[in-house]
Amino acid sequence: MTSHATEADLESLLHDALKATDTETRWAVDADDMWCRLTPGSATPRTQGWKLHVSATAASAPEVLARSLDVLLREESAFKFARSLEQVSALNTRATPRGSSGKFLTVYPSSDADAARIAQQLHRATAGLAGPRILSDQPYAAHSLVHYRYGAFVGRRRLSDEGLLVWYIEDPDGNPVEDKRTGQYDPPPWAVSPFPPSVPAPPRTEQTAASPVLLGGRFSVREAIRHTNKGGVYRGTDVTTGAPVVIKETRPHVEADASGSDVRDWLRAEARTLEKLRGTGLAPEPLAMFEVGGHLFLAQEEVPGIPLRTWVAEHFRDSGSEQYRADALAQAVRLAELVAAAHARGCVLRDFTPGNVMVRPDGELRLIDLELAVLREDGALPTRVGTPGFSAPERLADAPVSPTADYYSLGATICFVLAGKVPNLLPEEPAGRPAEQRLAAWLTACTAPLDLPPALQETVLGLMKDDPAERWDPARALTALRATALMRPARPAAAPQPGGTAADEVDAAIAGMVDHLVDTMDPADDRRLWPVSTMAGEADPCTVQQGAAGVLAVLTRYFELTGDPRLPGLISTAGRWTAARTDTRSTRPGLHFGGRGTAWALYEAGRAVNDSALMDHALALALAPQDPTPSHDITHGTAGSGLAAAHLWYRTRDPRLAGLVTDAADRLAAAARREPAAVSWPVPAEAVSAEAGKRYLGFAHGTAGIACFLLAAAAVTERQQHRDLALAAGEHLAACAVRVGDAVHWPAHTADLPTAPYWCHGSAGIGSFLVRLWQATGDDRFRNLAHGAARAVVQRASRAPLTQCHGLAGNGDFLLDLADATGESSYRAMADDLARLLVAERARRGSHVVFPNEYGEASTSWSDGTAGILAFLLRVRHTEPRHWMVQQPV
């Protein structure tokens with residue numbers, strides 16, 4: 001059977017084939033948004049084994065499917081295929097994870113013998129058709145579309161040691177083993193391949209070579225800069241001259257379109273652009289283009305220096321905010337000059353971003369990664385590919401090539417240099433507020449932390465206007481930038497008072513977030529009570545970090561503050577849903593990933609709605625035996641379990657909980673590494689082997705969080721040893737502090753450079769402990785360090801994401817802790833500034849308000865979504881204690 005079908009819906013080919021072969025009654029067909037699945041009635045289900053993948057491009061998929069159906073409909077093995085050409089394209093983009101790319105059709109053979117036979121038949125049937133190599137699998141033969149790997153046939157998941165849900169298979173003894181889906185073929189050692197060993201190894205550049213690789217007979221590969229689905233980028237040496245080079249690789253059929261064009265054509269276009277710019281000093285000098293094993297390579301001069309994205313982060317870290325402000329303006333002038341010079345030579349860049357500009361050691365800028373650039377005399381490749389936030393909206397909608405799109409990218413890049421980021425403005429529904437209006441609101445909110453003159457804001461907004469015809473060109477931007485003197489605007493004499501515009505916007509955001517949480521709860525979903533982002537991995541659906549407990553805790557607090565009549569029933573339902581999925585016979589350790597954090601949330605929920613059964617379940621969960629753990633920290637380990645037990649002891653005065661607090665504190669005391677006047681908790685090798693011996697300092701995973709628990713534990717245990725340990729930990733943190741101007745930073749661990757000032761690893765989390773240590777000891781050194789941490793938080797405000805773990809919500813909670821502890825209104829004013837900046841990035845979805853996480857997705861979770869943001873905004877508008885911190889009764 002052959003076909004030349006071009007329709008987007010490939011299912012029509014399936015139905016034609018079923019009728020033609022008279023096999024309709026043999027197959028059960030099921031489909032979702034992505035896949036069409038077929039299961040034969042006679043199939044014997046297997047949970048794991050050797051499975052087959054067949055690759056295709058959007059152009060070849062109809063023919064690949066038609067020929068594959070000729071084979072598969074005669075067999076007794078289940079299979080699935082991507083149900084539309086749009087989905088096929090999505091599987092083959094440059095951004096597709098390397099472990100998923102190219103898998104158009106999957107076969108689940110009923111036996112190893114079937115796997116070998118079907119693979120051979122599919123290989124013969126699809127010979128000569130186009131499709132990318134599947135990097136997670138072994139090709140059946142050279143240039144074959146058929147690939148194989150050993151893995152799971154059904155979706156079985158378990159919690160890893162890190163508390164994330166992972167796919168797993170079982171070894172011959174029945175032990176669970178993670179089914180890792182990476183960009184490299186790596187079968188388990190017990191799985192004996194039934195396939196003939198007939199394929200040579202892939203190009204050595206796709207692997208980590210033990211010795212230098214010589215490409216094109218001239219270029220020695222030294223190291224990989226990065227690997228993506230489209231191919232690698234490598235550093236090397238031109239052996240004929242000894243000069244350092246960068247070598248770019250493109251794989252066949254990635255980003256292939258209906259005409260057969262793919263990323264190799266992009267690389268050819270980049271080579272033409274580099275030739276056009278040869279000798280100008282604007283871009284690297286091209287050296288050679290060559291092919292190895294079907295992969296196309298382009299060697300070019302290596303530009304010394306660092307990417308502009310790295311310069312922005314490191315220069316701000318090392319120079320301090322005052323010096324950075326002046327240097328950032330100078331850099332903005334250079335960026336405008338760079339774009340103007342490229343345009344003068346007939347080059348439209350189409351992907352001008354901080355990652356595609358190099359800062360040389362002498363400060364000069366160079367363009368790199370010009371794969372999407374076009375010369376005005378050339379035809380243009382497809383333009384939908386770009387960089388969100390930096391590519392003009394019409395560019396991502398396939399508008400004709402125009403320099404005005406580069407004007408937008410120039411404005412976004414200047415914004416990134418000045419403010420440290422470009423806001424992620426999620427689409428609104430309905431689309432009421434123009435993007436430039438939302439951007440202007442965010443830039444206005446940046447005024448306090450950045451001290452930007454109005455002229456700079458006007459320049460960014462002029463370049464990034466929604467209408468391409470109204471955008472400033474680089475010449476106008478240069479005139480404005482060169483005329484701008486970096487003068488600080490006068491800060492408002494006082495923060496806006498409740499009832500003002502800023503307070504109204506915070507209140508509206510709170511109401512919209514609560515509406516979102518109320519309307520998106522789905523008790524009928526057995527897997528997730530609220531929708532969350534899983535880009536960073538998926539955790540237990542009941543925990544604080546990413547599950548129901550985090551959202552439930554914040555809605556409980558909101559109900560206690562407002563008496564919202566919608567919430568008692570919702571809280572009870574959410575509590576019962578969570579209780580039904582938590583086992584009181586044993587729990588995982590930790591506050592954010594463990595059972596006692598969930599118990600904390602359930603107890604508070606039951607108390608708020610007078611549900612004694614919920615409170616009883618919470619207490620049983622808190623008292624349940626915990627799985628053994630080598631982890632000491634708050635999120636996953638002993639300190640987090642102890643902190644939750646301390647909170648519940650204050651609620652209940654149950655002596656069993658006091659015993660759990662004592663046990664946790666004693667275990668941490670035994671594990672401590674003591675030094676003169678300091679103490680730390682190195683990561684044990686059995687916790688995370690790759691991290692063994694590192695002494696983390698932050699609240700989530702290190703000294704600050706552990707010591708905060710010990711300080712709280714001392715009030716329960718009344719043991720001086722526990723208090724002394726907390727004090728010694730404070731001394732260690734004081735010794736590790738790094739001052740940059742009036743700001744205080746810390747490294748993530750003792751052998752590292754200072755990190756961003758967030759709750760997880762940096763100043764906000766460490767400061768949250770130090771202000772409590774100051775309250776306990778009266779030692780002003782710790783208060784002063786906390787004040788310096790606050791300065792670090794404020795200076796970085798415009799650069800921060802929005803969330804609790806790494807962002808403004810967690811940072812703002814720390815500032816409110818300082819305000820509560822010291823009584824100084826200046827800290828509350830700082831928190832108000834952060835709240836205005838955060839709310840400026842909101843997106844309205846009807847009556848709902850959502851915010852982007854670090855991956856540009858809306859999520860409801862505590863760590864990276866609505867719940868954690870809502871918790872901070874509630875504290876801004878009400879005087880409330882911080883979540884997940886023990887409040888000792890006076």
Side-chain angles (χ1 to χ4, degrees), residues 34-35 53-61 64 81-82 84-106 130-139 143-149 151 180-186 201-208 221 223-234 246-258 260-270 291-298 351 353 355-356 368-372 381-388 391 396 534-537 855-856:
M34 180 70 188
W35 302 106
H53 290 113
V54 183
S55 73
T57 68
S60 70
V64 171
F81 60 88
S84 73
L85 299 184
E86 183 180 358
Q87 302 290 10
V88 177
S89 295
L91 288 169
N92 293 336
T93 71
R94 63 174 184 168
T96 303
R98 286 160 58 86
S100 304
S101 173
K103 296 177 180 178
F104 163 56
L105 187 150
T106 306
R133 184 177 182 275
I134 297 174
L135 297 175
S136 64
D137 293 24
Q138 179 78 346
H143 311 298
S144 180
L145 299 190
V146 181
H147 301 69
Y148 56 84
R149 69 181 294 267
K180 294 182 178 179
R181 300 163 185 191
T182 68
Q184 185 174 0
Y185 176 64
D186 186 22
R204 290 287 303 281
T205 53
E206 288 284 353
Q207 305 172 355
T208 302
V221 176
E223 62 177 342
I225 298 173
R226 63 179 177 269
H227 281 300
T228 66
N229 189 40
K230 69 178 180 179
V233 180
Y234 311 96
V246 169
I247 307 158
K248 300 183 69 175
E249 171 194 29
T250 49
R251 299 199 305 122
H253 309 304
V254 174
E255 290 280 1
D257 61 19
S261 174
D262 61 27
V263 289
R264 293 172 296 178
D265 295 288
W266 298 7
L267 197 61
R268 294 183 183 101
E270 178 172 1
E291 188 174 308
V292 178
H295 294 216
L296 189 66
F297 294 84
L298 172 63
D351 197 26
T353 75
N356 291 346
I368 61 170
D369 287 341
L370 292 168
E371 60 187 20
L372 294 181
L381 292 170
T383 60
R384 287 184 182 273
V385 176
T387 304
S391 295
L396 300 178
T534 59
M535 289 294 292
Y855 300 98

Engineer: A side-chain contact here means heavy atoms from C-beta on lying under 4.5 Å apart; do Lys103 and Asp137 qualify?
Structural biologist: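 Sidechains of Asp137 and Lys103: in contact.
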
Engineer: Do Val64 and Leu145 have side chains that get closer than 4.5 Å, going by heavy atoms?
Structural biologist: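 When only atoms from C-beta onward are counted, Leu145 and Val64 do touch, with a gap below 4.5 Å.
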
Engineer: Looking at every non-hydrogen atom in both residues, tell me the closest pair between Gly99 and Ser136 and how far apart they are.
Structural biologist: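 Smallest heavy-atom distance, with atoms named: O-OG, 3.6 Å.
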
Engineer: If you look at every heavy atom in Tyr148 and Pro139, which pair is closest and at what distance?
Structural biologist: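 So the minimum-distance heavy-atom pair works out to CE2-O, 4.0 Å.
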
Engineer: Where do Arg98 and Thr228 come nearest, in terms of heavy atoms and distance?
Structural biologist: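 In this case the closest contact between Arg98 and Thr228 is NH1-O, 3.0 Å.
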
Engineer: Rounded to the nearest 0.5 Å, how far apart are CD of Glu291 and CZ of Phe297?
Structural biologist: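 It comes to 9.5 Å.
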
Engineer: Who passes side-chain hydrogen bond (donor to acceptor under 3.5 Å, both in side chains) against Thr57, sequence neighbours left out?
Structural biologist: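 So Thr57 forms a side-chain hydrogen bond (donor to acceptor under 3.5 Å, both in side chains) with Ser60.
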
Engineer: Got a second to check how far Ile134's CD1 is from Leu91's CG, nearest 0.5 Å?
Structural biologist: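 If we round to the nearest 0.5 Å, Ile134:CD1 and Leu91:CG are 9.5 Å apart.
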
Engineer: Partners of Lys248 by side-chain hydrogen bond (donor to acceptor under 3.5 Å, both in side chains), sequence neighbours excluded?
Structural biologist: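 Lys248: side-chain hydrogen bond (donor to acceptor under 3.5 Å, both in side chains) contacts with Glu270, Asp369.
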
Engineer: Looking only at heavy atoms, which two atoms of Arg94 and Gly386 are closest? And how far apart?
Structural biologist: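 Looking at all heavy atoms of both residues, the closest pair is NH2-O, 3.8 Å.
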
Engineer: For residues His253 and Arg264, determine if any side-chain heavy atom of one lies less than 4.5 Å from a side-chain heavy atom of the other.
Structural biologist: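 With C-beta onward as the side chain, the pair touches.
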
Engineer: Excluding sequence neighbours, so at least two apart, what forms side-chain hydrogen bond (donor to acceptor under 3.5 Å, both in side chains) with Ser89?
Structural biologist: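 So Ser89 forms no side-chain hydrogen bond (donor to acceptor under 3.5 Å, both in side chains) with any residue.
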
Engineer: Between atom CH2 of Trp35 and atom CG of Leu105, what is the distance when rounded to the nearest 0.5 Å?
Structural biologist: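 The CG atom of Leu105 is 8.5 Å from CH2 of Trp35, to the nearest 0.5 Å.
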
Engineer: For the CD atom of Glu255 and the NZ atom of Lys230, what is their distance to the nearest 0.5 Å?
Structural biologist: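 Interatomic distance, Glu255 CD to Lys230 NZ, rounded to 0.5 Å: 9.0 Å.
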
Engineer: Is the shortest side-chain heavy-atom distance between Arg181 and Arg149 below 4.5 Å?
Structural biologist: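 A side-chain contact exists here, since the closest heavy-atom pair is under 4.5 Å.
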
Engineer: With distance as the sole test, does Thr250 use its side chain to make a donor-acceptor pair with the main-chain N or O of Leu296 at under 3.5 Å?
Structural biologist: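 A pair under 3.5 Å: yes.
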
Engineer: Verify, without hydrogens or angle tests, whether Ser55 (side chain) and Pro132 (backbone) share a donor-acceptor contact under 3.5 angstrom.
Structural biologist: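 Such a contact is found between Ser55 side chain and Pro132 backbone.
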
Engineer: Using 0.5 Å steps for rounding, measure from the CZ atom of Phe81 to the CE atom of Met34.
Structural biologist: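 Rounded to the nearest 0.5 Å, the CZ-CE separation comes to 11.5 Å.
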
Engineer: Is there side-chain contact between His227 and Gln184, with at least one heavy-atom pair below 4.5 Å?
Structural biologist: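 Result no, sub-4.5 Å side-chain heavy-atom pair not found.
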
Engineer: Looking only at heavy atoms, what is the nearest atom pair of Ala82 and Val88, with distance?
Structural biologist: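 Shortest heavy-atom separation between Ala82 and Val88 comes out as CB-CG2, 4.1 Å.
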
Engineer: Quick check: closest heavy atoms across Ala61 and Leu85, and the distance to 0.1 Å?
Structural biologist: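 Nearest pair, atom of Ala61 first, then Leu85: CB-CD2, 3.9 Å.
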
Engineer: Find the distance between CZ (Arg251) and CG (Leu135) and round it off to the nearest 0.5 Å.
Structural biologist: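 Here the interatomic distance stands at 4.0 Å.
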
Engineer: For Ser101, check side-chain hydrogen bond (donor to acceptor under 3.5 Å, both in side chains) against everything at least two apart and list the hits.
Structural biologist: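 side-chain hydrogen bond (donor to acceptor under 3.5 Å, both in side chains) list for Ser101, sorted by chain: Asn229.
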
